[in-house]
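Below: one structure, written as structure tokens.
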Protein chains: 2
Amino acid sequence: MVDEMSPVPFYVQLADALAKQIESGKLKPRQPLPSESTLQQEYGVARGTVRSAVRLLRERGLVVTFTGRGTFVSDK
Amino acid sequence: MVDEMSPVPFYVQLADALAKQIESGKLKPRQPLPSESTLQQEYGVARGTVRSAVRLLRERGLVVTFTGRGTFVSDK
DNA sequence: GGTGATTTGTTCGTATGTATT
DNA sequence: TAATACATACGAACAAATCAC
């Protein structure tokens with residue numbers, strides 16, 4: 001879930017949470033992230049918020065996304 | 001782009017620019033306007049500003065808007 | 001090959017909050 | 001106070017690509 005009281009935007013909180021899972025090895029290279037719909041439900045946010053978070057991860061080079069397939073942890 | 005120094009609000013400048021393209025025939029009846037997101041980037045303004053501009057055009061009967069599809073130049 | 005479900009991509013609709021003028 | 005402008009966040013509809021069967 002996301003911290004409603006934090007001044008940090010939800011999409012940044014979510015991006016940070018996912019980045020942590022990637023850096024800790026919980027999500028490994030080439031492995032898929034949960035789908036947008038799954039992340040929506042797990043974190044209790046709207047799809048647009050999930051997409052903003054994933055966009056950040058993409059901009060940081062942590063993940064790559066393919067239409068119709070999903071988003072995957074980048075190779076290092 | 002929009003003129004930061006002008007006393008005219010951004011959304012009015014943008015509406016005028018689009019109206020000009022419609023009246024000049026550069027944007028023809030039934031043709032779609034650029035999306036809100038495209039106009040944001042092209043003119044360097046926020047989405048709310050784009051929406052205010054398009055609202056003006058709608059009030060003038062120059063365009064019609066459909067959810068999930070876009071905004072189109074009105075038939076005359 | 002075909003159909004339906006899943007997943008991401010794109011678009012507009014709406015509401016709230018903040019800052020500035 | 002009111003108008004402008006930006007950012008965030010929700011929802012809805014539709015499209016394109018892929019997958020499962």
Side-chain angles (χ1 to χ4, degrees), chain A residues 1-19 21-22 27-75, chain B residues 1-19 21-22 27-75:
Chain A
M1 282 295 202
V2 127
D3 181 3
E4 314 261 357
M5 292 305 115
S6 167
V8 179
F10 291 174
Y11 76 95
V12 176
Q13 291 186 45
L14 178 47
D16 287 348
L18 292 170
Q21 293 186 28
I22 291 173
L27 283 170
K28 297 177 182 39
R30 293 175 177 273
Q31 198 176 357
L33 265 61
S35 73
E36 291 177 354
S37 133
T38 300
L39 290 173
Q40 268 184 74
Q41 295 167 16
E42 283 184 351
Y43 288 85
V45 296
R47 189 184 168 206
T49 304
V50 171
R51 288 183 59 76
S52 292
V54 173
R55 178 176 44 73
L56 277 191
L57 299 178
R58 230 175 3 244
E59 286 169 359
R60 294 177 193 164
L62 291 178
V63 301
V64 288
T65 298
F66 305 95
T67 302
R69 293 208 281 134
T71 295
F72 301 82
V73 179
S74 298
D75 269 331
Chain B
M1 283 298 199
V2 127
D3 181 2
E4 315 261 358
M5 291 306 114
S6 166
V8 180
F10 291 173
Y11 76 95
V12 177
Q13 292 185 45
L14 177 48
D16 288 347
L18 292 171
Q21 293 185 28
I22 292 173
L27 284 169
K28 298 178 180 39
R30 294 175 176 273
Q31 196 176 358
L33 263 62
S35 73
E36 290 177 353
S37 121
T38 300
L39 290 173
Q40 269 185 74
Q41 294 167 16
E42 284 183 354
Y43 288 85
V45 297
R47 187 182 170 207
T49 303
V50 171
R51 287 184 58 78
S52 293
V54 173
R55 177 177 45 73
L56 279 189
L57 298 178
R58 230 172 6 241
E59 286 168 359
R60 294 178 194 163
L62 291 178
V63 300
V64 288
T65 298
F66 305 96
T67 301
R69 294 206 279 129
T71 295
F72 302 80
V73 179
S74 298
D75 268 331

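So you know, we letter chains A, B, ... as the sequences are listed, proteins then strands, and number each from 1.
Under the salt bridge (charged side-chain N to carboxylate O under 4.0 Å, His left out) criterion, A:Asp3 pairs with no residue, sequence neighbours left out. Residues forming a salt bridge (charged side-chain N to carboxylate O under 4.0 Å, His left out) with A:Glu59 (at least two apart in sequence, or on another chain): A:Arg55. Under the side-chain contact (heavy atoms from CB on, under 4.5 Å) criterion, A:Val8 pairs with A:Ser6, A:Val12, A:Gln13, sequence neighbours left out.
Along DNA chain D, the nucleotide nearest to B:Thr67 and the one nearest to A:Phe10 differ in position, and the one closer to the 5' end is contacted by A:Phe10. Between A:Pro9 and B:Val8, the residue anchored closer to the 5' end of DNA chain D is B:Val8, taking for each the nucleotide with the nearest heavy atom.
Side-chain atoms of A:Ser74 come within 3.5 Å of backbone atoms of A:Gly61 as a donor-acceptor pair (strictly under, hydrogens ignored).
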Taking only distance into account, with no hydrogens and no angle test, what donor-acceptor pairs under 3.5 Å do side-chain atoms of residues 36-43 of chain B form with protein atoms, sequence neighbours excluded?
unit_1, atom_1, unit_2, atom_2, d
B:Glu36, OE1, B:Arg47, NE, 2.7
B:Glu36, OE1, B:Arg47, NH2, 3.1
B:Glu36, OE2, B:Arg51, NH1, 2.8
B:Thr38, OG1, B:Ser35, OG, 2.9

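The CZ atom of B:Phe10 sits 10.5 Å away from the CE atom of B:Met1 when rounded to the nearest 0.5 Å. Within the model, atoms CG of A:Leu62 and CG of A:Leu56 stand 10.0 Å from one another, a figure rounded to the nearest 0.5 Å. Atom CG of B:Leu27 sits about 5.0 Å away from atom CD of B:Gln21, to the nearest 0.5 Å.
End-to-end axis angle for the helix from C:dG2-D:dC21 to C:dT21-D:dA2, using five pairs per end and rounding to 10°, comes out at 10°.
The side-chain hydrogen bond (donor to acceptor under 3.5 Å, both in side chains) analysis of residues 63-72 of chain B, with sequence neighbours excluded, yields the pairs B:Arg58-B:Thr65, B:Thr65-B:Thr71.
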Heavy atoms under 4.0 Å is the rule here; annotate nucleotides 16-21 of chain C 5' to 3' with B where the base is hit, S where only the sugar-phosphate is, and - elsewhere. ------

Dump the intermediate steps for side chain to side chain contact (heavy atoms under 4.5 Å, CB included) on B:Val54 and B:Leu14, then the final yes or no. CA-CA 9 Å; B:Val54 173; B:Leu14 177 48; over 6 Å; no

Given B:Asp75 and B:Arg30, is the side chain to side chain contact (heavy atoms under 4.5 Å, CB included) satisfied, shown in steps? CA-CA 6 Å; B:Asp75 268 331; B:Arg30 294 175 176 273; 2.8 Å; yes

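Protein chain A contacts DNA chain D over a range whose 5' and 3' limits, counting nucleotides with an atom under 4.0 angstrom from a non-hydrogen atom, are D:dT8 to D:dC19.
The shortest non-hydrogen separation linking B:Ala53 to B:Tyr11 is CB-O, 3.3 Å.
Near-neighbour residues of DNA chain C inside residues 36-51 of chain A, defined by a heavy atom below 4.0 Å, number-ordered: A:Glu36, A:Arg47, A:Arg51.
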